[in-house]
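Read through the structure below, which is laid out as structure tokens, and then see the notes.
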There are 2 protein chains.
Amino acid sequence: MARSMHVRRPATLASLAAELGVSRTTVSNAYNRPDQLSPELRRRVLDTARRLGYPGPDPVARSLRTRKAGAVGLLLTENLSYAFRDPAAIGFLEGLALACEDAGTGLLLVPANPEREDVASVHRAGVDGFVVYSVPDDDPHLAAVLERPVPTVVCDQPDLGTVDRVGIDDRGAMYELAKHLIGLGHRRVGVVCMRLARDRNDGFVTPDRQHAAHFHVQRNRLSGLAEAFSEAGVDWSQVPVVERFDHNMASGASGAAQVLDKDPQITALICTSDVLALGAMTEAARRGLRVPHDITVTGFDGIRAGEEAGLTTVRQPVLEKGRAAGKLLLDANERTRPRSVNLATELIIGKTSGPPRGGAEERWFGP
Amino acid sequence: MARSMHVRRPATLASLAAELGVSRTTVSNAYNRPDQLSPELRRRVLDTARRLGYPGPDPVARSLRTRKAGAVGLLLTENLSYAFRDPAAIGFLEGLALACEDAGTGLLLVPANPEREDVASVHRAGVDGFVVYSVPDDDPHLAAVLERPVPTVVCDQPDLGTVDRVGIDDRGAMYELAKHLIGLGHRRVGVVCMRLARDRNDGFVTPDRQHAAHFHVQRNRLSGLAEAFSEAGVDWSQVPVVERFDHNMASGASGAAQVLDKDPQITALICTSDVLALGAMTEAARRGLRVPHDITVTGFDGIRAGEEAGLTTVRQPVLEKGRAAGKLLLDANERTRPRSVNLATELIIGKTSGPPRGGAEERWFGP
DNA sequence: TTGAAAGCGCTAACAC
DNA sequence: GTGTTAGCGCTTTCAA
């Protein structure tokens, strides 16, 4: 009776060994190396464990001893829950989860609130490696990860030269998309892009801010556009580029509105993501602009909803990207690090791009 | 020169303390309790750490000592990546991630492949608690979780009485939906449901299998239907119920086909999820059946795509469910455990349900 | 097949 | 403000 009044101190491997009158090695073997002891003894150990309420070797203590956590950490730029809102991020997560599953490894989502500079969560993460997905290049969490003595793979980030990297050719892909628009005859265009840095700037973007953008992906997509249009004789510094901090359709819509208010003459609205482009389409519709007859709208990513809308975009293999990141991290071959993987993208000509209004006629009368 | 040939053994807190000629406590304090030592000393510690390449206290060793992992584990029934395919699961994950974020806690996705009986991943997980989401009640991973001496919250599972639980009234909600259909005049109906147990059974379901279903959610939804239709004088044992192992639209379509082939006279196709219902709609369309004129189709969950399709369904607060699960787990108040939370659902009458074909006419001429 | 010894790297009382 | 002591619970040579 009195016994049950005590807070029963949970049994440990040592206490179990003592109870059984065997060594700790034997108990450990009963769990980890069944072939190292007789079946009867093993039974006896396991039975006694059950009787004493011993839940098996403590995973943390085991990790300390074996120097293996059995998990990889994932660092995202956004509030953790953002990952479950953005279709491209979900695809990436799925691919990464697939790779982890194959390896029997856990996937730890590290809470890295971009608002706070608190990197303790990175220090606290008991993981065998990190995947860093699309964070600004000056993010303190990224710096904290790089200081941890575990392998790291960065994704949609600049090549650091010191850790593995997987990504796509954002610049080249956007350049190609721009060439398509230029071929159609577009010269007067506007751009809606995602956040370029950690500070909120919902408005027009100066050329300086474009160049200095801390998000690798956005910087390169813009630079691909600038290059293509500059080559076509367009003064890029005069092109309205609008930035939005939050990544959702509402941002796409309001961004499009801001661009169109500034220059109602533009013939194409180039968005740096499908989600923004979908939002831009709703704004176009709201203004009675037919796509692509009155205005061309393009995206980037190749998400399902964009496909259904017939969006002209660049499709990137988000799931493969996640899987590749996981594979890279879990492939322990240190000798070949650091590695850099570029995945292929595909320009999708949908039904949201066409010649500028009047553009076709110009051709009829052209040289 | 010779030095650099050695594998540099990474610095530890102890070696750093030795180098500095201070105690380990002081070094520890430099990281964990800045107020416990002079700023100058702290600087010296941190500088030396940087010089020696000491990455800060090892998280695993710290966890062992503090008995806190700083993470919660999530156990899902499906391949890990499944969670990123199912809209309802994504919503749950988002809510859970939100709760974790608020608490500064990591979220560890535990790889629990339902094919393998390997529960080692559960044993290996260094977490302060588990959330178990919609696994069969006889899943060995669940059993393994329950043996771990950490708090647990089960979600969309039977109330075990020993651990916290969050869920909805699946039975009552489906009963209400059935009443709606009965009120419209439906008596001859068919059902497409998700998997009922761990074994694959893509086909008709016996009443026995319905009762014995190992997935709490499915069992209760079916039982709500059975109850309502039995009350309306329908012999439930004669109602075609088709099960699908994989949860996607294709399953909904093929399940609907199987039901319709068996009894082309049914006036309503009741699906136990929106995803299945969306698939069933495509099959109806393929057969030239207009919804709801020729056939009524209903779902369950209230996902976005269903809403857009105007689906008649039961909306459940998936995000809130995840958040509630996280809150329950992270609220350390042991005194009030175990707790059970039921979230409210809402019957959504969409445009996919209507009176049975001829049902209206019957009424005109009826008594 | 089993056991003894030696830590893995750290934190938390408590004393100085 | 700083140090001493005592483990957290486990695995793993190595020897018996």
Side-chain angles (χ1 to χ4, degrees), chain A residues 8-45 48-49 52-70 120 123-128 148-150, chain B residues 7-46 48-49 52-70 120 123-128 148-150:
Chain A
R8 199 222 309 241
R9 269 198 62 66
T12 69
L13 185 143
S15 70
L16 180 53
E19 174 83 17
L20 282 159
V22 302
S23 79
R24 299 189 307 233
T25 309
T26 301
V27 177
S28 176
N29 282 337
Y31 285 96
N32 302 319
R33 306 194 172 152
D35 52 310
Q36 294 295 296
L37 73 178
S38 64
E40 312 88 72
L41 180 52
R42 175 152 195 260
R43 268 243 68 73
R44 199 156 71 84
V45 172
T48 309
L52 262 53
Y54 176 64
D58 179 284
V60 175
R62 167 189 274 153
S63 284
L64 175 58
R65 186 58 237 242
T66 61
R67 309 268 58 196
K68 285 244 145 294
H123 290 143
R124 220 182 294 283
V127 295
D128 300 320
R148 291 272 310 256
V150 293
Chain B
V7 176
R8 200 223 306 243
R9 270 198 61 65
T12 69
L13 185 142
S15 70
L16 180 53
E19 174 84 17
L20 283 158
V22 302
S23 79
R24 297 185 308 226
T25 307
T26 301
V27 178
S28 177
N29 282 338
Y31 285 95
N32 304 318
R33 305 193 174 156
D35 52 309
Q36 293 296 295
L37 72 178
S38 63
E40 313 87 70
L41 180 53
R42 175 151 195 260
R43 268 244 66 74
R44 198 157 71 86
V45 172
L46 265 29
T48 309
L52 261 53
Y54 175 64
D58 179 285
V60 175
R62 167 189 277 153
S63 284
L64 175 59
R65 185 61 238 243
T66 61
R67 312 266 58 199
K68 285 243 146 293
H123 291 144
R124 220 182 294 282
V127 296
D128 301 320
R148 291 273 309 258
V150 294

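Chain identifiers are assigned alphabetically (A, B, ...) following the order of the sequence lines, protein sequences preceding nucleic acid strands; residue numbering begins at 1 within each chain. The shown structure was predicted, so the numbers you read here are calculated from the model rather than taken from an experiment.
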Atom [atom1] of [X] to atom [atom2] of [N]: distance rounded to whole Å?
X        : N      : atom1 : atom2 : result
B:Arg24  : C:dG9  : CZ    : C1'   : 9 Å
A:Arg124 : C:dC10 : CZ    : P     : 15 Å
A:Leu13  : D:dC8  : CG    : C1'   : 13 Å
A:Leu64  : D:dT12 : CG    : C1'   : 13 Å
A:Asp58  : D:dG7  : CG    : P     : 18 Å
A:Lys68  : D:dC10 : NZ    : C1'   : 16 Å
A:Arg65  : D:dT11 : CZ    : P     : 9 Å

How many angstroms lie between [atom1] in [X] and [atom2] in [Y], if you round to the nearest 0.5 Å?
X        : Y       : atom1 : atom2 : answer
A:Thr48  : A:Arg43 : OG1   : CZ    : 10.0 Å
A:Ser23  : A:Asn29 : OG    : CG    : 7.5 Å
B:Ser28  : B:Leu37 : OG    : CG    : 10.0 Å
A:Arg65  : A:Arg67 : CZ    : CZ    : 10.0 Å
B:Arg124 : A:Lys68 : CZ    : NZ    : 11.0 Å

Within the structure, does a side-chain N or O atom of [X] lie under 4.0 Å from either OP1 or OP2 of [N]?
X       : N     : result
B:Thr12 : C:dG9 : no
A:Thr26 : C:dG3 : yes
A:Arg67 : C:dC8 : no

In this structure, which one of B:Thr12, B:Leu20, B:Leu13 forms a side chain to side chain contact (heavy atoms under 4.5 Å, CB included) with B:Leu16? B:Leu20
Of all the heavy-atom pairs spanning B:Ala61 and A:Leu64, show the shortest one and how long it is. CB-CD1, 3.7 Å
Heavy-atom contacts under 4.0 Å between residues 27-35 of chain A and DNA chain C, which residues? A:Asp35
Please determine, for the side chain of [X], which listed nucleotide ([options]) has the closest atom?
X       : options                : result
B:Tyr54 : D:dT12, C:dA12, C:dC10 : C:dC10
B:Ala61 : C:dG7, D:dG3, C:dC10   : C:dC10
A:Arg62 : D:dC10, C:dC10, D:dT12 : D:dC10

May I ask you to say what [X] touches in the nucleic acid, namely base, sugar-phosphate or nothing, with a heavy-atom cut-off under 4.0 Å?
X       : answer
A:Ser38 : sugar-phosphate
A:Leu37 : sugar-phosphate
B:Thr25 : base
A:Val22 : sugar-phosphate

